[in-house]
Number of protein chains: 2
Amino acid sequence: MSAPFSTTAPLRLALVEDDPELRQLYSDYLCRQPELSCVLLAGSAESFFDQLPDLLQAPQVVLLDVGLPGRSGLDALPRLKQLLPDTEVVMHTVFDDPDRIYQALCRGASGYVLKNQPLADLKAAVLEVARGGAPMSRAVARQVLAHFKPTPTAQAGLLSEREQQVLEGMVDGLGDKQVATRLGLSPDTVRTHVKNIYRKLQVSSRAELLSRHAKGQL
Amino acid sequence: MSAPFSTTAPLRLALVEDDPELRQLYSDYLCRQPELSCVLLAGSAESFFDQLPDLLQAPQVVLLDVGLPGRSGLDALPRLKQLLPDTEVVMHTVFDDPDRIYQALCRGASGYVLKNQPLADLKAAVLEVARGGAPMSRAVARQVLAHFKPTPTAQAGLLSEREQQVLEGMVDGLGDKQVATRLGLSPDTVRTHVKNIYRKLQVSSRAELLSRHAKGQL
DNA sequence: CTCTGCCTACCGCATTTGAGTGATGCCGGC
DNA sequence: GCCGGCATCACTCAAATGCGGTAGGCAGAG
């Protein structure tokens, strides 16, 4: 069939995967798809950036591995998005820890698929992101949503009501005295609450507390 | 037991939709699915809560409309999750504004599908959420991801490269000396950078900085 | 009744942090 | 060449913060 209904040219895809065997496997499969066209194959971020200038047209989608060497995939993301702002990036990795997912999304990834999925899902993810979607594996999507729930686990029951209120003030960027004013307490009382909060949440500074709160690790 | 092919009983689904016509349409379609069993049909949040006690078993999934009357769906969410903590909620609505999505996710929704989708997608979303996923329509997923990119605008160009690195350290919850160690600088140098950052970003404390960073107001 | 946990408040002390000032060197624009 | 911005380091001072303990009142559990 000559694809009489296809209104679009094949999608230009770049594949960055450090394992040569997997790279071969993925490229074999993906390139065989009529909707896709693999314009770049790289085994590292460096190789990817080296090959970029050779392309006539920038890739529309990059499948980016969060490689074994350190976190090269994550490190490369900002530069990639800077060079190719209109290119969609789908992370593709075995790691599903919240922090790595969070980092990837903050750095501009538009999709995050895990590596234990069928090849068809990989293809679907690439097409989906090109259509303006945000493909995410089940576990990843859940992690992302978990990021929105205020504090379903830790702080519930752990912190007393007063401590919650004090915490709220701190999260708003207030100092001890300002929190005290807001709650109509003595600054010393607030200080006591703050100390107890630190102990309960296992942190040892305002900065650490706010940082972890921001990451939803609270 | 009969049902030789089914390892699981049909999924108990509750459908809350204020438009009688749509409710009929959806329930007709969804109840016809062998994997699903509509145990509750409601035209409002009140009706839903009224019918809940009559059920032998709580629904496993609730398809919740963000109804036309105000935002009844959103308002009902916290109560719903409180009564049925283990029930998954999929929002189902025509609204795709960021704030409504954000509110829904914060309040405990695990899925968010728009109303202009094929009925098959609705069914898929229900099954997906029951399997531990987080089904979201394309546009919704993008909104969610957009929520993570905190600072594409302001700080770019405003802060020097060094200052960005120092800021990064602060955001990670580190103190001056720790940032200094990470960057291989004198603590005094870091302190100078911190002061300059405060001036440029118009804040006057670490707490305020981290707070605004968390809110994406940076 | 005792014990525990919470809320309140205070004291003291070491460290961190915010704010000001100054100094050196590098770089780039005018 | 001068000036401004940047990066680096240093010093002071006052305020905020982290950390330890003490202590009375109050409520619920044992």
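First the proteins, then the strands, lettered A, B, ... as listed; each starts at 1.
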Would a 4.5 Å heavy-atom cut-off, applied to side chains only, mark [X] and [Y] as touching?
| X | Y | value |
| --- | --- | --- |
| B:F48 | B:R79 | no |
| B:Q103 | B:L77 | no |
| A:L36 | A:L127 | yes |
| A:L84 | A:V89 | no |
| A:R206 | B:R206 | no |
| A:L167 | A:M170 | yes |
| A:L201 | A:R212 | no |

Quick check for you: to the nearest 0.5 Å, what is the distance between B:T93 atom OG1 and B:E17 atom CD? 9.0 Å

Between atom CG of A:L63 and atom CG of A:L122, what is the distance when rounded to the nearest 0.5 Å? 5.0 Å

Given atom [atom1] of [X] and atom [atom2] of [N], what is their separation to the nearest angstrom?
| X | N | atom1 | atom2 | value |
| --- | --- | --- | --- | --- |
| A:E208 | D:dG18 | CD | P | 10 Å |
| B:E161 | C:dC27 | CD | C1' | 15 Å |
| B:L159 | D:dA7 | CG | C1' | 14 Å |
| A:N196 | C:dT4 | CG | C1' | 14 Å |
| A:H193 | C:dC7 | NE2 | P | 6 Å |
| B:L167 | D:dA7 | CG | C1' | 17 Å |
| B:Q164 | D:dA7 | CD | C1' | 15 Å |

Atom pairs under 3.5 Å, N or O on each side, protein against nucleotides 28-30 of chain C: can you list them with distances?
none

Do any side-chain nitrogens or oxygens of B:S160 fall under 4.0 Å of OP1 or OP2 in D:dG5? no

Who passes side-chain hydrogen bond (donor to acceptor under 3.5 Å, both in side chains) against B:E163, sequence neighbours left out? B:S160, B:K200

Side-chain donor-acceptor pair present, B:R162, B:Q165, cut-off under 3.5 Å: yes

Distances under 3.5 Å only, N/O to N/O: pair up the protein atoms with those of nucleotides 24-30 of chain D.
none

For nucleotides 13-24 of chain C, 5' to 3', base contacts (B), sugar-phosphate-only contacts (S) and non-contacts (-) with protein non-hydrogen atoms under 4.0 Å give ---SBBBBB---

If you fit an axis to the five pairs at each end of the helix from C:dC1-D:dG30 to C:dC30-D:dG1, how big is the angle between those two axes, to 10 degrees? 30°

Does [X] reach the main-chain N or O of [Y] with its side chain, forming a donor-acceptor pair under 3.5 Å?
| X | Y | result |
| --- | --- | --- |
| B:E208 | B:S204 | yes |
| A:R12 | A:A58 | yes |
| B:E88 | B:S110 | no |

Tell me which residues in residues 182-190 of chain B put a heavy atom below 4.0 Å from DNA chain D, sorted by number, or none. B:L185, B:S186, B:D188, B:T189

The side chain to side chain contact (heavy atoms under 4.5 Å, CB included) partner of A:T192 among A:N196, A:V194, A:D188, A:V190 is A:N196

What residue among A:L105, A:I101, A:D99 forms side chain to side chain contact (heavy atoms under 4.5 Å, CB included) with A:Q143? A:I101

